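Numbers for residues simply follow the sequence, beginning at 1. In each ligand, atom 1 is the first atom listed, and ligand 1 is the first ligand listed. Since this is a predicted model, take the numbers as computed values, not measurements.
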Amino acid sequence: MSEPVPSVTFPPAFLWGAATSAYQIEGAVREDGRTPSIWDTFSHTPGKTAAGETGDIAVDHYHRYREDVALMAELGLTAYRFSISWSRVQPTGRGPAVQRGLDFYRRLVDELLAHGIKPAITLYHWDLPQELEDAGGWPERDTAFRFAEYARLVGEALGDRVEQWITLNEPWCSAFLGYGSGVHAPGRTDAAASLRAAHHLNLAHGLGTSALRSVMPARNSVAVSLNSAVVRTVSQDPADLAAGRKIDDLANGVFHGPMLRGSYPRTLLEATSPITDWSHLRDGDLEAIHQPLDALGLNYYTPTLVSAASSADASTRRADGHGLSDHSPWPGADDVAFHHTSGERTEMGWSIDPTGLHELIMRYTREAPGLPLYVTENGAAYDDKPDPDGRVHDPERIAYLHGHLSAVRRAIADGADVRGYFLWSLMDNFEWAYGYGKRFGAVYVDYATLARTPKSSARWYGRAARTGALPPLED
Ligand code: GBH
């Protein structure tokens with residue numbers, strides 16, 4: 001363990017950002033040629049999201065983006081990570097781009113640049129055009145080629161003014177929550193399909209990276225954002241350590257292996273061999289996936305605690321190891337048990353553990369030496385409510401941010417090259433299967449009026465952004 005850093009100041013060029021994603025904030029789902037994505041279909045299917053909530057209106061960012069950018073500027077943010085709705089740009093997932101769809105993002109980018117805020121584009125944050133799902137979705141190889149084509153179109157349109165690009169957000173969720181446990185769109189529960197999906201997401205990342213580079217200025221940066229799990233075991237028992245390694249392969253190695261090293265972990269191929277023969281892995285795929293990257297994005301919320309299933313104490317077993325589903329998102333890991341981690345929790349039930357973020361950053365500092373790192377998501381849901389005077393006080397979120405930003409600062413002191421931090425999320429929004437019940441925003445959204453009110457955490461974070469140092473904890 002490292003010593004605490006005495007003065008909590010950050011490098012001058014450190015980016016202080018916030019993150020969002022298209023389906024979670026935009027609304028306007030039928031405007032300007034946009035067609036349904038798998039999340040439109042899923043959220044409109046009874047029983048799939050809390051209270052049947054959908055992103056139809058979300059927080060109406062599509063119409064309010066100017067106000068939202070002004071708010072970011074007023075707070076003092078220096079970067080903004082958002083995603084592009086694929087079916088706004090290519091309604092069928094194929095063919096030429098729809099100009100009106102691209103125009104929205106061009107206006108948003110220009111508004112950000114005019115306010116001195118650096119845009120970071122995520123090309124894919126889980127909202128596959130429904131037509132591509134109808135043709136087989138991510139388990140189908142062709143989807144990777146469709147993604148590369150889409151990446152090229154967006155790169156051509158915005159590569160002159162956006163420097164930071166992220167191909168995929170958390171492909172683990174797309175593959176294993178979308179096709180394995182089925183708690184995310186498209187809601188399929190087929191372990192073999194989830195492993196094929198993971199491979200085709202890897203391929204999409206590789207082909208998409210090459211496509212972006214072929215149309216963009218060389219100065220632009222291409223990265224990927226992974227929800228790299230911090231896997232801990234309940235004991236040092238060999239059986240528990242083996243369980244930990246298995247989950248590490250299924251959470252991390254399945255993407256990092258091909259993307260950063262050009263191979264799948266042998267142990268992953270073995271553990272999943274009863275489920276798939278991996279015949280979908282073709283000659284040349286690993287070379288296509290293993291593209292040099294300019295940066296790596298890490299999304300971190302909470303660590304994962306596991307043991308061998310045989311040694312599990314049922315009372316500590318974590319129900320949400322499988323999310324909201326009876327089907328596991330961990331193919332080939334029926335011999336692993338998931339446990340509740342101790343300590344304070346957020347409204348999601350996720351334990352608060354900033355040391356996990358330090359550990360994660362140091363791991364990739366070792367495993368991907370020389371690769372600049374960004375924390376592309378970190379944040380917490382709390383049950384925020386306005387006071388009678390209309391203000392929203394969220395000291396718990398300030399404490400969460402303080403703890404995790406201190407962990408980032410400690411990692412920098414320990415030699416990690418962390419270039420920026422993106423708080424999840426800029427504002428309250430559609431939290432996927434949980435609907436609007438979980439508030440991750442630094443900015444409060446009144447869902448009756450869609451009025452935005454910065455919470456005290458937004459002011460606190462803005463002060464950090466302006467001064468490059470963490471303000472004291474008091475609210
Ligand atoms: C991110 O997902 C998303 O990128 C973002 O859109 C979302 O709003 C935000 O976080 C908040 O949820 O051990 O099976 O329970 C994070 C999703 C949550 C996925 C924790 C892995 C643990 C898997 N991650 N989850 S399990």
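Taking OH of Tyr382 as the start and CZ of Arg439 as the end, the distance is 15.5 Å to the nearest 0.5 Å.
Considering backbone and side-chain atoms together, Trp432 places an N or O closer than 3.5 Å to an N or O of ligand 1.
Remark: Trp165 pairs with no residue by the ring-ring contact (aromatic ring centres under 6.0 Å, His included) rule, at least two apart or across chains. Residues satisfying the ring-ring contact (aromatic ring centres under 6.0 Å, His included) test with Phe104, not counting sequence neighbours, are Tyr62, Tyr65.
Heavy atoms of Ser21 stay at 4.0 angstrom or farther from ligand 1. Within the structure, ligand 1 has His125 among the residues with a heavy atom less than 4.0 angstrom away. At a 4.0 Å cut-off, not a single heavy atom of Met348 sits close enough to ligand 1 to count as contact. Look at Thr304 and you'll find every heavy atom at least 4.0 Å from all atoms of ligand 1.
A salt bridge does not link Arg419 to Asp294: none of the charged nitrogens lies less than 4.0 Å from a carboxylate oxygen. By the 4.0 Å N-to-carboxylate-O rule, Glu163 lies close enough to Lys118 to be salt-bridged with it. A salt bridge links Glu377 and Arg81; the closest N-O separation between the charged side-chain nitrogens and carboxylate oxygens is under 4.0 Å.
The residue from Gln24, Glu377, His184, Glu431 that puts a heavy atom closest to atom 3 (C) of ligand 1 is Glu377. Distances from atom 18 (C) of ligand 1 to the heavy atoms of Trp126, Trp330, Tyr301, Trp350 show the closest one on Trp350.
Heavy-atom proximity to Asn169, at under 4.0 Å, picks out these atoms of ligand 1: 4 (O).
Residue contacts with ligand 1 for Ser181 are absent, since no atom lies close enough (heavy atoms, distance under 4.0 Å).
Donor-acceptor pairing under 3.5 Å is recorded for the side chains of Tyr421 and Asn378.
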